[in-house]
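The following block contains the structure, expressed as structure tokens.
Start at 1 with the first residue, then count along the sequence.
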Amino acid sequence: MTRPARSSRPARPSRPVRPVRPVRIGPRAAVALILVTLIGIAAFGWPLLADRQSGLAHSQDAPWLFAALLPLLVAVVVATIADNGMDAKAVAMLGVLAAVGAALRPLGAGTAGLEPMFFLLVLSGRVLGPGFGFVLGSVTMFASALLTGGVGPWMPFQMLAMGWFALGAGLLPGPERIRGRAELLMLAAYGFAGSFAYGTVMNLQGWVILQGMGQGISFRPGEPVAANLARFVAYCLATSVGWDLGRAVLTVVLTLTLGATLLKALRRATRKAAFDVPVSFDPGVESAREPTSQRQTNAHTNGDTGDCGG
């Protein structure tokens, strides 16, 4: 007795995998980012060009910087939304990642510069793009300052520096060219260098305020820029190398150990969110339904007419 042949069903075609695309930066968002960057560079660097009679104190210009920074951050988000680069899903993801980063900061802050939030911002900026990364870094630092009570004249400078840090991660070579272990090594190297860059920029904010230190490391208003920069390098080597090194090493370790898993999770969430696909409504669905309903109406009408005629 022969068994009946099994009907072989055709294999379903595999769905193409949607490429992971970061949040797009439109022209208006790019202009807002450039304005924020220019204001930040001026806020950090103007004391180097000031004279002796200027009365330097970053604590005096910090409120003005904060007042200018918040509207510009809102302008970046609004401009990105207007350019169809950020929708409600992206805003929700921004809130979730900022909350996670703010919660990570107290875990290591105050202990040899260990701050685990840096590796999260590196990976988030990598996957979600430079514009999203800048806003995420600034919002995360703002939220963490409120959480830890770290609100002060340094906070707007920290928001700018952290925004630049995450923005730089989004400007790295795209994942189409570098993936796998090479990508993790690149992100770890960026996290290492970016941790030192963040500490150096923040040193510039505090260095011009501190007075009465050694002659070789103190800031001197009105002195040539080259001479003050040489003192600034000596100041960084004498005061913050160890602190920045702890931050950099922790960022490298977390990136190499947890980076692959977190990158997959972020890319999966970004792929499902489909930030690059505009929301649209297909009128063909309703138009396809209309003939069917019309036919049913005609059938009932014809049936009723036939009964009356019989």
What pair of heavy atoms forms the shortest contact from Pro106 to Leu147, and how long is it?
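Reported closest heavy-atom pair: CG-CD2, 4.0 Å.
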To the nearest 0.5 angstrom, please state how far the CZ atom of Phe119 sits from the CG atom of Leu250.
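With rounding to 0.5 Å, CZ (Phe119) is 8.5 Å from CG (Leu250).
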Can you find a heavy atom in the side chain of Ile41 that is under 4.5 Å from one in the side chain of Thr37?
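With C-beta onward as the side chain, the pair touches.
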Taking Arg247 for its side chain and Ser195 for its backbone only, find out whether a donor-acceptor pair lies under 3.5 Å.
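Yes, Arg247 side chain to Ser195 backbone: donor-acceptor pair under 3.5 Å.
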Criterion side-chain contact (heavy atoms from CB on, under 4.5 Å) on Leu172 and Ile178, from CA distance to verdict:
CA-CA 10 Å; Leu172 295 174; Ile178 302 177; over 6 Å; no
Sorted by first residue and then second, give each salt bridge (charged side-chain N to carboxylate O under 4.0 Å, His left out) pair with at least one member in residues 118-140; sequence neighbours left out.
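Residue pairs with at least one partner in residues 118-140: Arg126-Glu183.
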Any chance you could measure Phe142, atom CZ, to Leu146, atom CG, to the nearest 0.5 Å?
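Going from the CZ atom of Phe142 to the CG atom of Leu146 covers 4.5 Å.
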Please say yes or no: joined through hydrophobic side-chain contacts below 4.5 Å, possibly via intermediate residues, are Leu263 and Val100 part of one cluster?
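Yes; tracing contacts between hydrophobic side chains, which count when under 4.5 Å, links both residues.
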Could you state the interatomic distance from CD1 (Ile39) to CZ (Phe44), rounded to the nearest 0.5 Å?
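If we round to the nearest 0.5 Å, Ile39:CD1 and Phe44:CZ are 13.0 Å apart.
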Closest heavy-atom contact between Ser138 and Gly163?
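Distance-wise, the nearest heavy atoms are OG-CA, 3.9 Å.
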Looking only at atom types and distance, does a side-chain atom of Trp207 sit under 3.5 Å from a main-chain N or O of Ile217, one as donor and one as acceptor?
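Checking the backbone N and O of Ile217 against the side chain of Trp207, a donor-acceptor pair under 3.5 Å is found.
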Using side-chain heavy atoms (C-beta onward) and a distance below 4.5 Å, is Lys272 in contact with Lys89?
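When only atoms from C-beta onward are counted, Lys89 and Lys272 do not touch, as no gap falls below 4.5 Å.
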Residues that Ser124 engages under side-chain contact (heavy atoms from CB on, under 4.5 Å), provided they are two or more places apart:
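Here the qualifying residues are Leu97, Leu120, Leu136, Leu266.
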Tell me if the aromatic rings of Phe118 and Phe192 count as close, with their centers under 6.0 Å from one another.
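That pair fails the under 6.0 Å test.
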Distance-only, no hydrogens or angles: does the Thr261 side chain make a donor-acceptor pair with backbone N or O of Leu258 under 3.5 Å?
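Here the side-chain-to-backbone pair does not exist.
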For side-chain contact (heavy atoms from CB on, under 4.5 Å), just list the numbers for Gln205 and Gln158, CA-CA rounded to whole Å, side-chain angles, deciding distance to a tenth of an Å, and then say yes or no.
CA-CA 9 Å; Gln205 178 268 330; Gln158 288 179 330; over 6 Å; no
Check for a donor-acceptor pair, side chain of Tyr235 on one end and backbone N or O of Ser240 on the other, with a separation under 3.5 Å.
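No, because the side chain of Tyr235 does not come within donor-acceptor range (under 3.5 Å) of the backbone of Ser240.
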Is there any salt bridge (charged side-chain N to carboxylate O under 4.0 Å, His left out) pair reaching into residues 144-159, and which pairs are they, with sequence neighbours excluded?
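Sorted pair list comes back empty.
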Heavy-atom closest contact (Pro130 atom, Gly170 atom, distance)
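Looks like CD-O, 3.6 Å.
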Please report the shortest heavy-atom distance between Ala248 and Phe196, naming the atom on each side.
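For Ala248 and Phe196, the tightest heavy-atom pair comes out as CB-CE1, 3.7 Å.
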Answer with yes or no after comparing the ring centroid distance for Phe219 and Phe232 against a 6.0 Å cut-off, counting only values under it.
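Ring-ring flag for Phe219/Phe232: false, centres at least 6.0 Å apart.
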Taking side chain as C-beta onward, heavy atoms only, is Phe134 less than 4.5 Å from Leu160?
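Touching, per the 4.5 Å side-chain cut-off.
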Where do Val253 and Thr257 come nearest, in terms of heavy atoms and distance?
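In terms of heavy atoms, the two residues are closest at O-OG1, 2.7 Å.
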Atom pair CG/OG1 of Leu187 and Thr251 - distance to nearest 0.5 Å
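Spacing of CG (Leu187) from OG1 (Thr251) equals 11.5 Å.
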Is there a path from Val225 to Leu204 through hydrophobic residues (I, L, V, M, F, W, Y) whose side chains come within less than 4.5 Å of each other?
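In one cluster: yes.
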Applying side-chain contact (heavy atoms from CB on, under 4.5 Å), name anything that partners Leu256, two or more places apart in sequence or on another chain.
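For Leu256 the side-chain contact (heavy atoms from CB on, under 4.5 Å) partners, ignoring immediate neighbours, are Leu184, Leu185, Ala188, Val252.
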Leu171 with Leu123, same ILVMFWY side-chain cluster at under 4.5 Å:
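Same cluster: Leu171 reaches Leu123 through Ile, Leu, Val, Met, Phe, Trp or Tyr contacts under 4.5 Å.
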Partners of Leu237 by side-chain contact (heavy atoms from CB on, under 4.5 Å), sequence neighbours excluded?
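Counting only residues at least two positions away or on another chain, Leu237 forms a side-chain contact (heavy atoms from CB on, under 4.5 Å) with Val233, Val241.
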The criterion is side-chain contact (heavy atoms from CB on, under 4.5 Å); which residues satisfy it with Ala145, sequence neighbours excluded?
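Testing Ala145 for side-chain contact (heavy atoms from CB on, under 4.5 Å), a comparison that skips the adjacent residues, returns Val151, Met155.
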Heavy-atom distance under 4.5 Å between the side chains of Met162 and Leu121, does that happen here?
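Heavy-atom side-chain distance check passes, below 4.5 Å.
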Calculate, to the nearest 0.5 Å, the distance between atoms SG and CH2 belonging to Cys236 and Trp243 respectively.
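Taking SG in Cys236 and CH2 in Trp243, the distance rounds to 15.0 Å.
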Look up atom CD in Glu115 and atom OH in Tyr198, then write down how far apart they are to the nearest 0.5 Å.
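Reported to 0.5 Å precision, the distance equals 6.0 Å.
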Taking all non-hydrogen atoms of both residues, which atom of Val139 and which atom of Ala98 are closest, and how far apart?
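Shortest heavy-atom contact: CG1-CB, 3.9 Å.
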